[in-house]
Amino acid sequence: MNIRPEEISSILKNQIENYDKNIEASDIGTVIEVGDGIARVYGLKDAMVNELLEFPGGVQGMAQNLEEDNIGCVILGPYKHIKEGDPVKRTGRIVEVPVGEALIGRVVNATGQPIDGKGPIVTDKFRPVESIAPGVITRKGVHQPLQTGIKCIDALVPIGKGQRELIIGDRQTGKTAVAIDTIINQKGKDVICIYVAVGQKASTVANVVSKLEEYGAMEYSIIVAATASEPSPMLYIAPYAGAAIGEEFMFNGKDVLIVYDDLSKQAVAYRELSLLLKRPPGREAYPGDVFYLHSRLLERAAKLEDKLGGGSMTALPIIETQAGDISAYIPTNVISITDGQIFLEADLFNAGVRPAINAGVSVSRVGGSAQVKAMKKISGNLRLDLAQYNELKAFTQFGSDLDAATKATLDRGARVMEMLKQAQYSPMPVEDQVAIIYAVSKGYTDDIAVNKIGAFEAGLLNFMKSSSYKASVLDVIANTGKLEGADEEALVKAITEFKATFQA
């Protein structure tokens, strides 16, 4: 094959003209140890905390321990193929997740990658999973109610937009059910809901997604799932990823509700990776900064000032107790961080009281500021009635001779308890709650059998919605949040009229 000199010279000229002078400088280290989702890396002296590192096969890791001669790194993905001596490359980016409207209606993992089979998430917005919470000056007092649709909560432990309300109780007492009902109740209220599943079975998460789809709640919801089969680093960052997704909406002036289900499992995951990173364990084998783990997460819930858009992020963290022990390490940590707690009791649950909320232990530190005026007006005596009922019930269960006043208190309390029962997946509008709570707390049901209270409630609401009382009472409460004067008189008249036709 003959090649002429001029052909060679033209090729050389072409290569010289098209020579790319850009040089890529990469900071590359070496794996010196790997196992259990943790890698020790040598040579990356300029790496930052929480920086993304790239391992062979495109797997990413997160720098955690920055020590003198090596970096402790948690691997966010499969790590079986990574071995000693493999190169590790710095990316210069802090761990971040995609955010924005494109995530609504989707199920993503802890790094924001879709796992619902509906294709990629198309967005050009990203936020770091960890960020500093809004300062005191940028916040506004919690003053708008976030209705859960659950009578016992909206009347006794109200939640406001921007609040952090802990849901606590033993396993299988209905903690997730309360959170899911609250999400379902946000339909049509312009609230973006984020459900973060930490350490649950994939089938449980799938059931939650199917229920939300069934009730039309996925139209405004995002699921962040770090299931039990995933490595502990994914369970550790999932709540932070959910908070980052919510912050994007909050800083754009929208209202967000975020559920962390549950933070007990995040604490266990954090303990696992901390011990693997050789961090010293402290009290009850948890690292000393496990309080900081949850406080820096929950402090990100806020109600922002109007000049910053007025957006809010309301957090409902869930904590699982062992045998009702709320004085254990993790429960006391989170109780001290949050603005109140809803305590679900196993004994009440087993006795058929659903939701099994113990009104004596449950509290909201925001209180009436997070209630509409009508609810605030009628729920004042409700907690007192329940407290007296529970106190007298304990004293009188062994005695038979009761005076009239004691018997009346017990009878009223029994009807209040029955009225507060509510089926799952059936949140109730606030105006309906006000009507039925008014009827029971004002004594209009004192002569109705306890087992007929549920039927009376359903009948009264149907009667009012199918008559002129809807416009004069229910619509007024829904639109103004008030119950006074002629409207209260109309409600009394409606209750009296219906009661006259009710077959007790």
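Residue indices begin at 1 and follow the sequence shown.
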Fill in: Main-chain N/O of Ser426 paired with Gln422 side-chain donor or acceptor, under 3.5 Å
yes

Discussion item. So does Val361 get a backbone contact from the side chain of Gln341, meaning a donor-acceptor N/O pair under 3.5 Å?
Written reply: yes

Worksheet item: Are Lys175 and Ile167 close enough that some pair of their side-chain heavy atoms sits under 4.5 Å apart?
Response: yes

Discussion item. Any side-chain to backbone donor/acceptor pair from Asn109 onto Gln113? Under 3.5 Å, distance only.
Written reply: yes

Worksheet item: Within the side chain of Asp487, is there an N or O that forms a donor-acceptor pair under 3.5 Å with the backbone of Leu483?
Response: no

Worksheet item: Can Arg127 and Glu248 be counted as an ion pair, charged N to O under 4.0 angstrom?
Response: yes

Item to complete: Kindly say whether Met428 contributes a backbone atom to a donor-acceptor pair with the side chain of Asp432 at under 3.5 angstrom?
Response: no

Worksheet item: Do other residues, nucleotides or ligands put more than 12 heavy atoms under 6.0 Å from the NZ atom of Lys499?
Response: yes

Discussion item. Run Val268 and Tyr286 through side-chain contact (heavy atoms from CB on, under 4.5 Å) and show every step you take.
Written reply: CA-CA 8 Å; Val268 171; Tyr286 281 95; 3.6 Å; yes

Practice prompt. Using a strict 4.0 Å threshold on nitrogen-to-oxygen distance, state whether Asp475 and Lys470 make a salt bridge.
Written response: yes

Item to complete: Return yes when atom CD of Glu391 has more than 12 non-hydrogen atoms of other residues, nucleotides or ligands closer than 6.0 Å, and no otherwise.
Response: no

Worksheet item: Taking C-beta and beyond as the side chain, do Leu212 and Val208 meet within less than 4.5 Å on heavy atoms?
Response: yes

Discussion item. Can you confirm if the NZ or CZ of Arg354 lies within 45° of the ring axis of Phe349 and under 6.0 Å from the centre of its six-membered ring?
Written reply: yes

Worksheet item: What pair of heavy atoms forms the shortest contact from Leu263 to Pro239, and how long is it?
Response: CD2-CG, 4.2 Å

Fill in: Any side-chain heavy-atom pair of Met419 and Phe456 under 4.5 Å
no

Discussion item. Distance check, rounded to the nearest 0.5 Å: Ile330 atom CD1 versus Lys265 atom NZ?
Written reply: 13.0 Å

Item to complete: Using side-chain hydrogen bond (donor to acceptor under 3.5 Å, both in side chains) as the criterion, list what pairs up with Asp325, not counting sequence neighbours.
Response: Ser327

Worksheet entry | From Thr501 atom OG1 to Phe463 atom CZ, the distance as rounded to the nearest 0.5 Å | 6.5 Å

Worksheet item: Below 4.5 Å, heavy atoms only, C-beta onward: do Tyr220 and Lys189 meet side chain to side chain?
Response: no

Worksheet entry | More than 12 heavy atoms of other groups within 6.0 Å of Arg171 CZ | no

Discussion item. Taking the basic N atoms (NZ, or NE/NH1/NH2) and the acidic carboxylate oxygens, is any pair closer than 4.0 Å for Arg415 and Asp446?
Written reply: no

Discussion item. For Gln200, run the side chain to side chain donor-acceptor pair (under 3.5 Å) check against Thr227, Thr176, Asp261 and tell me which one passes.
Written reply: Asp261

Worksheet item: Between Thr314, Val191, Leu257, which is the residue that forms a side chain to side chain contact (heavy atoms under 4.5 Å, CB included) with Thr182?
Response: Leu257

Worksheet item: Charged N to carboxylate O below 4.0 Å: is that the case for Glu484 and Lys377?
Response: no

Worksheet item: Looking at Ile245 and Pro98, what are the two nearest heavy atoms and their distance?
Response: CG1-O, 3.9 Å

Practice prompt. State whether a side-chain donor-acceptor pair under 3.5 Å links Asp255 with Ser312.
Written response: yes

Worksheet item: Roughly how far, to the nearest 0.5 Å, is CG of Leu316 from OG1 of Thr338?
Response: 10.5 Å

Practice prompt. Rounded to the nearest 0.5 Å, what's the gap from CG on Leu382 to CG on Leu420? Could you check?
Written response: 5.5 Å

Worksheet item: Less than 4.5 Å apart, any side-chain heavy atom of Glu345 and any of Thr173?
Response: no

Practice prompt. I would like to know whether Tyr260 and Arg164 meet side-chain hydrogen bond (donor to acceptor under 3.5 Å, both in side chains); could you show each step before the answer?
Written response: CA-CA 11 Å; Tyr260 303 110; Arg164 299 153 301 178; over 6 Å; no

Fill in: Exercise: do Gln147 and Asn185 side chains pair donor with acceptor under 3.5 Å
no

Worksheet item: Has Lys211 got its NZ or CZ under 6.0 Å from the middle of the six-membered ring of Tyr425, at an angle within 45 degrees of the ring axis?
Response: yes

Worksheet item: Please walk me through it: do Glu272 and Tyr236 pass side-chain hydrogen bond (donor to acceptor under 3.5 Å, both in side chains)?
Response: CA-CA 10 Å; Glu272 182 182 322; Tyr236 159 60; over 6 Å; no

Worksheet item: Do any N or O atoms from the side chain of Arg383 and from the backbone of Leu156 form a donor-acceptor pair under 3.5 angstrom?
Response: yes

Fill in: Backbone N/O of Ile192 and side chain of Gln186: donor-acceptor pair under 3.5 Å
no

Worksheet entry | Over 12 foreign heavy atoms within 6.0 Å of CG, Asp289 | yes

Item to complete: Would you check if Phe249 and Met313 make a side-chain contact, meaning some heavy-atom pair closer than 4.5 Å?
Response: no

Discussion item. If only side-chain N and O atoms count, and only distance matters, is there a donor-acceptor pair under 3.5 Å linking Asn479 with Glu431?
Written reply: no

Item to complete: Please say which of Asn50, Ile237, Val95, Leu297 ends up in a side chain to side chain contact (heavy atoms under 4.5 Å, CB included) with Glu130.
Response: Asn50

Discussion item. So, taking the atom named OG1 in Thr123 and the one named CD1 in Ile121, what distance separates them when rounded to the nearest 0.5 Å?
Written reply: 8.5 Å

Worksheet, complete the sentence: Heavy atoms of Leu304 and Lys140 approach each other most closely as O-CB, 3.8 Å

Worksheet entry | Shortest non-hydrogen contact between Pro287 and Tyr329, atoms and distance | O-OH, 4.2 Å

Worksheet entry | Side-chain heavy-atom pair Val430, Asp154 within 4.5 angstrom cut-off | no

Worksheet item: Got a second to check how far Leu392's CG is from Leu410's CG, nearest 0.5 Å?
Response: 5.5 Å

Item to complete: Taking only Lys NZ, Arg NE, NH1 and NH2, and the carboxylate oxygens of Asp or Glu, determine whether Lys421 and Glu457 approach each other closer than 4.0 Å.
Response: no

Discussion item. So does Gly119 get a backbone contact from the side chain of Arg106, meaning a donor-acceptor N/O pair under 3.5 Å?
Written reply: yes

Item to complete: Evaluate the criterion salt bridge (Lys or Arg N to Asp or Glu O under 4.0 Å) for residue pair Lys254 and Glu101; output intermediate values, then yes/no.
Response: CA-CA 12 Å; Lys254 297 197 174 182; Glu101 302 276 346; 2.8 Å; yes

Worksheet item: Any idea how Phe502 and Phe498 line up, ring-wise: parallel (<30°), tilted (30 to 60°), or perpendicular (>60°)?
Response: tilted

Discussion item. Main chain of Pro134, side chain of Thr138: is a donor-acceptor contact present, judged purely on distance under 3.5 Å?
Written reply: no

Worksheet item: With a 3.5 Å cut-off and no angle check, do the side chains of Glu247 and Ser131 form a donor-acceptor pair?
Response: yes

Discussion item. Is it the case that the side chain of Arg412 and the backbone of Ser441 share a donor-acceptor pair, with hydrogens and angles ignored and the cut-off at 3.5 Å?
Written reply: yes

Discussion item. Contact between Ile495 and Leu460 at the side-chain level, heavy atoms closer than 4.5 Å - yes or no?
Written reply: yes

Worksheet item: Who are the side-chain hydrogen bond (donor to acceptor under 3.5 Å, both in side chains) partners of Gln163, not counting sequence neighbours?
Response: Glu165, Ser364

Worksheet, complete the sentence: On a heavy-atom basis, the closest approach of Leu235 and Gly199 is CD2-CA, 3.8 Å

Worksheet entry | Which atom of Ala359 lies closest to which atom of Leu386, heavy atoms considered | CB-CD1, 4.0 Å

Item to complete: Quick one: sort the Tyr444 and Tyr438 rings into parallel, tilted or perpendicular, breaks at 30° and 60°.
Response: parallel

